[in-house]
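First listed ligand is number 1; within each ligand, the first listed atom is number 1.
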Amino acid sequence: MKSKKILAPSILTADFSNLAQQIRSVELGGSDWIHCDIMDGKFVPNLTFGPVVVSSIRKITKLPIDAHLMIKDPDSLIEKFVQAGADWITVHQEEVVHLDRTLNLIHSLGAKAGVAINPSTPVASLSEIIHLADMILVMSVNPGFGGQKFIEYSYRKIEQLDKLRKENSADFLIQVDGGVGAGNIKKLCDTGCDVFVVGNAIFGKDNITASAVELKNLIS
Ligand code: DX5
Ligand code: ZN
């Protein structure tokens, strides 16, 4: 049975002076999740927002909130993001020494656990946690900014991940994040991705709702 494909707009490139209306626009476009890019200026060369913004978003949307923690020492803030209302917590494999313990911590708090890998990080580094993670995020840009160019070798990593999933009868979702748009989302879908993070190709467009509808149709 084909699994449901999920469109997760990233608010990184949204108009923060109008966030409620921007989120409403992607909801009207059939989006499934809201992707929150949490950046600390240390793990990545950019600084965004923390739990306080997630709790404001929680008040105005019923969509699952997908928190992508691009931060050093994520263990120290996981509980605050779950308390703020995040449904998914994704940590970077590169930044967590005790990943098994961290994923168990996320589950103990009642959230779904994701692991992200940067472009240069091999899929093989995840082999021991594929039955513990609910989602694996393949970064298809070097994290830190929206509007970057999709890194083409991400396709190979997604294929490897889909093969690893099938060979081990694992059921984690495959999420792709960075440079995703109308030109590559169908191919990403066919390569095995389940969750599509899109920032600029939605919030950078004149008609946010229509852009979400177009992308949702391409993955459905
Ligand atoms: C980059 C973020 C991505 C990014 C996606 O570090 O993790 O979520 O915002 O934005 P686009 O779709 O503009 O590449
Ligand atoms: Zn992200």
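Looking at His68 and Asp66, their side chains never bring a donor and an acceptor atom within 3.5 Å of each other. In the model, Glu27 has a side-chain atom that pairs as donor or acceptor with a side-chain atom of Thr61 under 3.5 Å.
Here the angle at the Zn ion (ligand 2) defined by ND1 in His68 and NE2 in His35 stands at 100°, rounded to 10 degrees.
Counting just the N/O/S atoms of Asp177, the one with the shortest distance to the Zn ion (ligand 2) is named OD2. Restricting Asp37 to its N/O/S atoms, the shortest distance to the Zn ion (ligand 2) is reached by OD1.
Looking at Asn184, its side chain does come within 3.5 Å of a backbone N or O of Gly179 through a donor-acceptor pair.
Between Phe150 and Tyr155, the ring planes lie tilted relative to each other; the angle falls in the 30° to 60° range.
No more than 12 heavy atoms of other residues, nucleotides or ligands sit less than 6.0 Å from atom CD of Glu128.
Taking the side chain as every heavy atom from C-beta outward, Ser25 and Leu28 never approach each other to under 4.5 Å.
Protein residues with a heavy atom under 4.0 Å from ligand 1 are Ser10, Leu12, His35, Asp37, Met39, His68, Met70, Met139, Pro143, Gly144, Phe145, Gly146, Gly147, Asp177, Gly178, Gly179, Val197, Val198, Gly199, Asn200.
Of the charged side-chain nitrogens involved, at least one lies within less than 4.0 Å of a carboxylate oxygen, so that Asp32 and Lys216 count as a salt-bridged pair.
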